[in-house]
Amino acid sequence: MYPASFEYFAPATLEEALGILSDRGGEAKVLAGGQSLIPLMKLRFASPSAVVDVNRVPGLDQLAETGSGLRIGALARHKTCERSELLRGRYRLLGDAAAQIADPIVRNRGTVCGSLAHADPQGDWGAIMLAARAEVVARSSAGTRTIPIDDLFRGPFTRSLEPNELITEVTVPDPGARASGTYLKLERKVGDYATAAVAVQVSLDNGKIGRAGIALTGVGPNNIRATDAEDVLQGAEATDEVIAEAARRAAAAAQPQTDIRGTAEYKRNVVRVFTERGLRTALEAARGA
Ligand SMILES: Cc1cc2nc3c(=O)[nH]c(=O)nc-3n(C[C@H](O)[C@H](O)[C@H](O)COP(=O)(O)OP(=O)(O)OC[C@H]3O[C@@H](n4cnc5c(N)ncnc54)[C@H](O)[C@@H]3O)c2cc1C
């Protein structure tokens, strides 16, 4: 099906883009990679009266290290993250995950910030950014605000952005030198959305687990932070018992539904196994860092 008719804007500056969003209220949609918006428009699940294509706005495609972590701009593609040497070592969670998103064609166009703005419960970047304790920078003509990732997702495909706001970047704090992470994703076939997936990030502090981030994909109305699992890890020795308890708590935090991808019980068990496996991988990598 063809999309309903819409006005197309291709602003050359961020200010111009923000001005159009502001003038159009909730009627305009930002177009980044188009990998979610265009299919929705073709199916007529979305019929914006205006589309603001930000692909010509300079300076939004950054993936860079700053003094305090990483900046990932609104036009940084999944592919850029998959190939970046920055997303290894202590930022390995992001690099591991990027390679597992969709297929190469989608990864060439789709963006990290677009995925976060889309707030798909099956989206991988939501869990990754929860585990990494990221923040989203949102701009409108009225100014700039920073949204902690925990406050971004409000429900399936619902986020705490105003219609006139554009995510200009997501920032990932530096987890420290002795840190690492990984992303484990079960998919029915290569390129599919997750049946269930787990993002794990750990930092070591004097041989103990300093900070831990654990978040889940595909097993709830949004990406879920497994807070109880993080709590049991914080400040603990990385023993088999602690890892098993964290995995049990992560499984308890999941809210899976039975569907064509598997039963709720099966998905919950995948979360438990992946959390345990992910923690062992991340801890080993952090020790070697
Ligand atoms: C076949 C297929 C398989 C896929 N598999 C996966 C998968 O396994 N895992 C996964 O995570 N994703 C998957 N996706 C989704 C893909 O990752 C998209 O790239 C992503 O969901 C949206 O990013 P985008 O840049 O394409 O956003 P767009 O499609 O351009 O936009 C999506 C939504 O976000 C809004 N938006 C975009 N950018 C911004 C911004 N900077 N500020 C404010 N609002 C913004 C748009 O207005 C729109 O509402 C798949 C998509 C396809 C087509």
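Counting starts at 1 for both ligands and their atoms, following the listed order.
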Give a yes or no on whether Ile167 and Val30 share a hydrophobic cluster (residues Ile, Leu, Val, Met, Phe, Trp, Tyr; joining criterion: side-chain heavy atoms under 4.5 Å apart).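 No, no single cluster joins them.
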Identify the protein heavy atom lying closest to [atom], giving its residue, its atom name and the separation to 0.1 Å.
| atom | value |
| --- | --- |
| atom 53 (C) of ligand 1 | Gln35 O, 3.3 Å |
| atom 20 (C) of ligand 1 | Ser115 OG, 3.2 Å |
| atom 50 (C) of ligand 1 | Tyr193 OH, 3.0 Å |
| atom 25 (O) of ligand 1 | Thr111 OG1, 2.6 Å |
| atom 46 (C) of ligand 1 | Val30 O, 3.0 Å |
| atom 37 (C) of ligand 1 | Gly114 CA, 3.5 Å |
| atom 17 (O) of ligand 1 | His78 NE2, 2.9 Å |
| atom 43 (C) of ligand 1 | Ile167 N, 3.6 Å |

Hey, are Thr182 and Asp96 close enough side-chain-wise for a donor-acceptor pair under 3.5 Å?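 Asp96 vs Thr182: donor-acceptor pair found between side chains.
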Any luck finding a side-chain donor-acceptor pair between Tyr266 and Thr195 under 3.5 Å?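 Distance-only check fails for Tyr266 and Thr195.
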Distance-only N or O hit between ligand 1 and [X], under 3.5 Å:
| X | answer |
| --- | --- |
| Asp124 | yes |
| Lys185 | yes |
| Gly123 | no |
| Leu37 | yes |
| Gly34 | yes |
| Gly33 | yes |

Measuring from [atom], which candidate in [options] has the nearest non-hydrogen atom?
| atom | options | answer |
| --- | --- | --- |
| atom 36 (N) of ligand 1 | Cys113, Pro39, Ala117 | Ala117 |
| atom 32 (C) of ligand 1 | Gly218, Ala102, Ser36 | Ser36 |
| atom 2 (C) of ligand 1 | Val106, Asp53, Asp103 | Val106 |

Whether over 12 other heavy atoms sit under 6.0 Å from Arg88 CZ: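 Yes, enclosed.
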Take atom CD in Gln257; do more than 12 heavy atoms of anything else shown fall under 6.0 Å from it?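 At most 12 heavy atoms, drawn from other residues, nucleotides or ligands, come within 6.0 Å of this atom.
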Assess the residue pair Leu152 and Leu116 against the criterion (side-chain contact (heavy atoms from CB on, under 4.5 Å)); give the C-alpha distance rounded to whole Å, side-chain angles, the decisive distance to 0.1 Å, and a yes or no. CA-CA 8 Å; Leu152 183 69; Leu116 297 174; 4.1 Å; yes
Hey, are [X] and [Y] close enough for a salt bridge, meaning a charged N less than 4.0 Å from a carboxylate O?
| X | Y | value |
| --- | --- | --- |
| Arg261 | Asp192 | yes |
| Glu284 | Arg287 | no |
| Glu165 | Arg139 | no |

Could you go step by step and tell me if Ile209 and Gln234 meet the side-chain contact (heavy atoms from CB on, under 4.5 Å) rule? CA-CA 6 Å; Ile209 302 169; Gln234 197 102 17; over 6 Å; no
Side-chain contact test, heavy atoms from C-beta onward, threshold under 4.5 Å: evaluate it for Val51 versus Glu7 and give yes or no.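 Of all side-chain heavy-atom pairs linking Glu7 with Val51, none is under 4.5 Å.
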Determine, using heavy atoms of Asp120 and all atoms of ligand 1, whether some pair is separated by less than 4.0 Å.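 It does not; every heavy atom stays at 4.0 Å or beyond.
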Which of these, Lys185, His78, Gln100, sits in a side chain to side chain donor-acceptor pair (under 3.5 Å) with Asp124?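 Passing option: Lys185.
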Which atoms of ligand 1 have any heavy atom of Asp192 under 4.0 Å away?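 Every atom of ligand 1 under 4.0 Å from some heavy atom of Asp192: 8 (O).
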With heavy atoms of Gly110 as the reference, note each atom of ligand 1 found under 4.0 Å away.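 Selected atoms, number and element: 19 (O), 25 (O), 26 (O).
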